[in-house]
Number of protein chains: 2
Amino acid sequence: MGDAFTIGRLARDTGTKVPTIRFYEEIGLLGTPIRTASGHRRYGSGDVRRLAFIRSARKLGFSTEEIRSLLGLTEHPEQSCGAASDIARRHLGEVERHIEQLIKLRDELRAISTVCPGSNVSDCGVIAAIAHSPA
Amino acid sequence: MGDAFTIGRLARDTGTKVPTIRFYEEIGLLGTPIRTASGHRRYGSGDVRRLAFIRSARKLGFSTEEIRSLLGLTEHPEQSCGAASDIARRHLGEVERHIEQLIKLRDELRAISTVCPGSNVSDCGVIAAIAHSPA
DNA sequence: CCTACAATCTCCAGTCACTATAGATTCAAG
DNA sequence: CTTGAATCTATAGTGACTGGAGATTGTAGG
């Protein structure tokens, strides 16, 4: 365990921007790290794993609150599973609804942008189509 | 044209919240309306159409900046068409990319939430799956 | 005319998840 | 020892609203 990371190293290793790490500390997703005598943050490999988890979950679309729950669950491993998969399934439902809406939207936009495919006709239907879209 | 709307009526007619209307005025999507002697905003049917257009475009996912462009184009109808359909097609491309990403995400979430379908097993793969997702 | 109460007014703070800037210090390499 | 990169704190900005406080005004019933 001779592992000691600066904030910049932690940022590089996890694909996170430095201010984002400080932000996560501020909102309590990351704990307050130890500091060097001059005040610089020092991290260990546990922090790398935790931050990597946070970033993965964010990319999967979990909110910081959901991530807080997931991280909390890892501290009570005996009952984690049901609650964790609840969070994941609820989130899956939201993503599926979101996809449905976007597909409707895409079909509308396709219709709108074929009304006038870039010609120089002086009155076309794009604006009208947006105005009268049932969205 | 004996049409005169209060802000509340305009809100009801367009499915917009009152503060949102004032916000649109503040950022210049809606012009500054005439006021009654006591300072209350008065709107006409032109404002209803303009606000309805803004709301439709927002529901279609256009940003307020894009809407500003679209509204600007309506004031130069001779060259509107090409530029308007450019905006729509660019936006369509973004929506299509967004859908692709969400489908990948959905497949991952499905995999994750079937790892442990809510049983009471004490160590399951949900947390690990999130941590090791390639997202 | 008076009393309620609903609607409107302005101004400001909060949301979410960061991102960026300024100005001061500190670290690491040559 | 100097230079430049990295870090520090603190604060403000983003986008697109939403909500609340506290004051004024509009309107309907008695």
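Remember, it's a predicted structure, so these values are computed and weren't measured experimentally. Below, read A as the first sequence line, B as the second, and so on, with proteins coming before strands; counting in each chain starts at 1.
Between the P atom of dA6(D) and the OH atom of Y43(A) lies a distance of 16 Å, rounded to the nearest Å. Per the geometry, NE2 belonging to H40(A) stands 6 Å off P belonging to dC8(D), to the nearest Å. The distance from atom CZ of R35(B) to atom C1' of dT25(D) is 13 Å, rounded to the nearest whole Å.
Between R89(B) and E96(B) there is no salt bridge, since no side-chain nitrogen of the basic residue lies less than 4.0 Å from a carboxylate oxygen of the acidic one. Salt bridge absent: R97(A) and E100(A) never bring a charged side-chain N and a carboxylate O closer than 4.0 Å.
Two residues, S38(B) and G39(A), neighbour DNA chain D, and the one matched to the more 5' nucleotide by heavy-atom proximity is G39(A). If R12(A) and R22(B) are placed on DNA chain D by their nearest nucleotide, the residue sitting closer to the 5' end is R12(A).
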Listing, residues 23-30 of chain B side-chain donor-acceptor contacts under 3.5 Å, not counting sequence neighbours, or none:
{"unit_1": "Y24(B)", "atom_1": "OH", "unit_2": "R55(B)", "atom_2": "NH1", "d": "2.6"}
{"unit_1": "E25(B)", "atom_1": "OE1", "unit_2": "R41(B)", "atom_2": "NE", "d": "2.8"}

- Start with the C-alpha distance between Y43(B) and I7(B), add both sets of side-chain angles, then the distance that settles side chain to side chain contact (heavy atoms under 4.5 Å, CB included), and finish with yes or no. CA-CA 7 Å; Y43(B) 297 95; I7(B) 196 170; 3.9 Å; yes
- Message: Could you go through T6(B) and H40(B), starting from their C-alpha distance and side-chain angles, then the distance that decides it, and tell me whether this counts as side chain to side chain contact (heavy atoms under 4.5 Å, CB included)?
- Response: CA-CA 8 Å; T6(B) 64; H40(B) 287 198; over 6 Å; no
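For dG26(D), the OP1/OP2 oxygens have no side-chain nitrogen or oxygen of R9(B) closer than 4.0 Å.
For R9(A), the CZ atom sits in a loose shell: 12 or fewer heavy atoms of surrounding residues, nucleotides or ligands are nearer than 6.0 Å.
Of the possible donor and acceptor atoms, none in the side chain of D107(A) sits under 3.5 Å from a partner among the backbone N and O of K104(A). T20(A) contributes no side-chain N or O that, together with a main-chain N or O of T16(A), makes up a donor-acceptor pair within less than 3.5 Å.
Residue T6(A) is classed as a sugar-phosphate contact, given heavy-atom separations below 4.0 Å to backbone atoms only.
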- Task: Indicate for each nucleotide in nucleotides 13-19 of chain D, in 5' to 3' sequence, whether protein heavy atoms under 4.0 Å reach the base (B), only the sugar-phosphate (S), or nothing (-).
- Result: ---BBSS
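Counting 5' to 3', DNA chain C first comes under 4.0 angstrom of a heavy atom of chain B and last does so at the ends given by dT8(C) to dT10(C).
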